[in-house]
Number of protein chains: 2
Amino acid sequence: MVKMTLEDVAREAGVSLATVDRVVNGRNGVHARTIERVNAAIKLLGFHPDQHASRLARGRDYDFRIILPTGENEFMQALDAEFRATRERQLQERVRLSIQYVDTFDGEALAAALERLPSSIDGVAVVALDHPAVTEAINALADRGVVVLTLVSDVPNSRRAHFVGIDNYAAGRTAASLIGRFVGPRKGKVGMIAGSLALRDHVERQFGFEQVISREYANLEVLPVREARDENARVETVSRSLLRDHPDLVAIYNAGGGQAGVVAALEATGRVSDVIFVAHELTASTRRHLVRGTVDALINQDVGHMARSTARILTALREGRPIVPGQEHIRIDIFLRDNMP
Amino acid sequence: MVKMTLEDVAREAGVSLATVDRVVNGRNGVHARTIERVNAAIKLLGFHPDQHASRLARGRDYDFRIILPTGENEFMQALDAEFRATRERQLQERVRLSIQYVDTFDGEALAAALERLPSSIDGVAVVALDHPAVTEAINALADRGVVVLTLVSDVPNSRRAHFVGIDNYAAGRTAASLIGRFVGPRKGKVGMIAGSLALRDHVERQFGFEQVISREYANLEVLPVREARDENARVETVSRSLLRDHPDLVAIYNAGGGQAGVVAALEATGRVSDVIFVAHELTASTRRHLVRGTVDALINQDVGHMARSTARILTALREGRPIVPGQEHIRIDIFLRDNMP
DNA sequence: CTGAAAGCGCTTACAG
DNA sequence: CTGAAAGCGCTTACAG
């Protein structure tokens, strides 16, 4: 299999290099008949464009913006760190990532940030609140030809090109199955804590969780979900009240952050060993609690994978190339003490 | 941050392009003083070489060989399919993968295949038996400057550059924890089936599995491991005898292939619901059994990830670039019915 | 709607 | 041990 170049295609089709380039990259201003002739030659010769030559010739780097929430959420900080690492590596690939921090919980502020993006931008990935102003801003960008990706929490009704994150509904179901299985035949109550029900991801987790418990584990009863804003102190307060009010509490699922709060409450009340605790996100601290057994299982979305995937998808879509679905699918990782990375 | 080129470095260091290239790529025949001057300029300017230009200029494609086992093992066929898909994509990246099939269980044959590799080859990834002749062949290649990767099953005492696969010891421990948790307080026997104890991966799984069960689940007793060559029929025979001989069998762990054999035995004896079954590898058929509940949990290594990772690692090491550990780590996936991809 | 030419930032012989 | 020049396979203005 000899490698074919644009040159070969041009010769075969009887046109110039520039024209073949136009056809290959779908630029307009080419006669339909010419397009056909070129495509025939491409097919005949089995031509595949050379990525490296193309990126080199283009000269300009791609300019992508990543919008992350302000605040001290441990998960978001881990994601931020991975984006920084990816940014350094992508510099050698002619891709420029710039990271911007916005109060994601404020729909108007987020929409304004999106609207203020320089017109030279090639694409943007955003941790988005599902809010009408945000949807509008995303659609406006998409209409301008900017590639828009949603990160972690989706805005499915917008014209974003892709969502980088897990199926949170399935994550909630997974948590439920783990708890159902680990609790075994015991009867009792299950407490669920979320960060905020304003973000779509936690709502979806709640929905999946309650569905599986109620449908498959008749011995368990899910208590009304409590919001705790991903803050350790609030999570601890909520956990303590759950433990106090329900002597028959057999499990806790914290779908948000602030896992240390649950741990503190479990330890203070001496109920570590009889209450199953399923948490989200592998961090230095959840890892430790998993090893000790305070956390029984962890559900994780790999922040490194998400950052790398975001960069790849932005670039591929910008270049009009297809993405590799299997490579970009963010898994719902289940970690027990034994299979942590 | 302006983008710096070799040209800029050459000017700053007062040498030619060719000399900077020599330093950047560690080619020899450069005076120590010159090397220092060039490195100083690189540091001063914050120069990063342009991957695309370099791959383009090199002209020649990389030529990598993938050696997979002959036979009809479903997992290996899935891996093969992923390598074929990766091969097509890599063509556009100036990387050529060729796939070769060898009887991996025959150490001498495998070693001979490795020795017969054309000298023009840039790297090889091999599903390797841990056998003295194989180790020798791997070391000979490594000494010749060929990048050698082991795939799926490692040969840790060889000079292979990297192992692409999971920590099988941890995978065995994970299976044990899942079974211990899912069985709950019931007392009983646990059957373990392996493909072959000649391959290192299954031995490691066995070791990890037995360790965790014996150390942490006093209510469970692991029966002597049975080999069944990853064949459905053999696996079914073994499973039937386990079920017949042990009315108190509470779980089965099949560390190898042939999962359909376990399913058939469980269904025939009507013990699907009281025997926990943990299996390996997500395939069309294990997926179905997981949904139905015959398989309680699946441990998986992502074949798509392995194929892509292999290509990336071969290329990076061949170019003397560092790999990104987080990206290349093959996870021990745990799949319940709820979090399958 | 189409083409000729310059150039992207490296590597590769070749010469000295 | 070092350098000058050609070339990798595209894209980008510019011209017509």
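The chains referred to below are lettered A, B, ... by the order of the sequence lines, with proteins before strands, and numbering in each begins at 1.
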Euclidean distance, atom CG of residue A:Asn28 to atom P of C:dT2 [Å, nearest integer]: 12 Å
Interatomic distance where NE2 belongs to B:His31 and C1' belongs to D:dG3 [whole Å]: 17 Å
Listing time: all N or O pairs from protein to nucleotides 7-9 of chain D that are below 3.5 Å?
{"unit_1": "D:dC8", "atom_1": "O2", "unit_2": "B:Ala57", "atom_2": "N", "d": "3.3"}
{"unit_1": "D:dG9", "atom_1": "N2", "unit_2": "A:Ala53", "atom_2": "O", "d": "3.3"}

Close side-chain approach of A:Phe64 and A:Arg318, heavy atoms under 4.5 Å: yes
Residue pair B:Gln90, B:Arg96: steps toward the side-chain hydrogen bond (donor to acceptor under 3.5 Å, both in side chains) verdict: CA-CA 7 Å; B:Gln90 291 286 327; B:Arg96 201 164 294 256; over 6 Å; no
Residue met sooner reading DNA chain D from 5', once A:His48 and B:Thr34 are mapped to nucleotides: B:Thr34
d(CZ, A:Arg22; P, D:dC10) in whole Å: 16 Å
Under 3.5 Å: donor-acceptor pair, side chain of A:Thr104, backbone of A:Val102: yes
Phosphate OP1/OP2 of D:dA4 contacted by B:Ser16 side-chain N/O (<4.0 Å): no
Distance below 4.0 Å between B:Thr19 side-chain N/O and D:dG3 OP1 or OP2: yes
Touch class at under 4.0 angstrom, heavy-atom based, for A:Val24 against every strand present: nothing
Touch class at under 4.0 angstrom, heavy-atom based, for A:Arg55 against every strand present: nothing
Exceeds 12 heavy-atom contacts within 6.0 angstrom, atom CD of B:Glu36: no
d(CD, A:Glu36; C1', C:dC1) in whole Å: 16 Å
Candidate nucleotides D:dT2, D:dC10, D:dG3, ranked by approach to the side chain of B:Val30 - the nearest: D:dT2
Touch class at under 4.0 angstrom, heavy-atom based, for A:Arg33 against every strand present: nothing
Carboxylate-amine/guanidinium proximity below 4.0 Å for B:Arg200 and B:Asp154: no
Sugar-phosphate, base or nothing in reach of A:Arg27, heavy atoms under 4.0 Å: sugar-phosphate
Secondary structure string for DNA chain D (Watson-Crick or G-U under 3.5 angstrom, | for other-strand pairs): |||.||||||||.|||
Test item: side-chain donor near acceptor, B:Arg65 and B:Ser98, under 3.5 Å: yes
Polar side chain donor-acceptor pair, A:Tyr62 to A:Glu93, under 3.5 angstrom: no
B:Asn25 side chain vs B:Arg27 backbone, donor-acceptor pair below 3.5 Å: no
B:Ile67 vs B:Leu110 side-chain heavy atoms within contact, under 4.5 Å: yes
Value in whole Å for how far the C1' atom of D:dG3 lies from CZ of B:Arg11: 16 Å
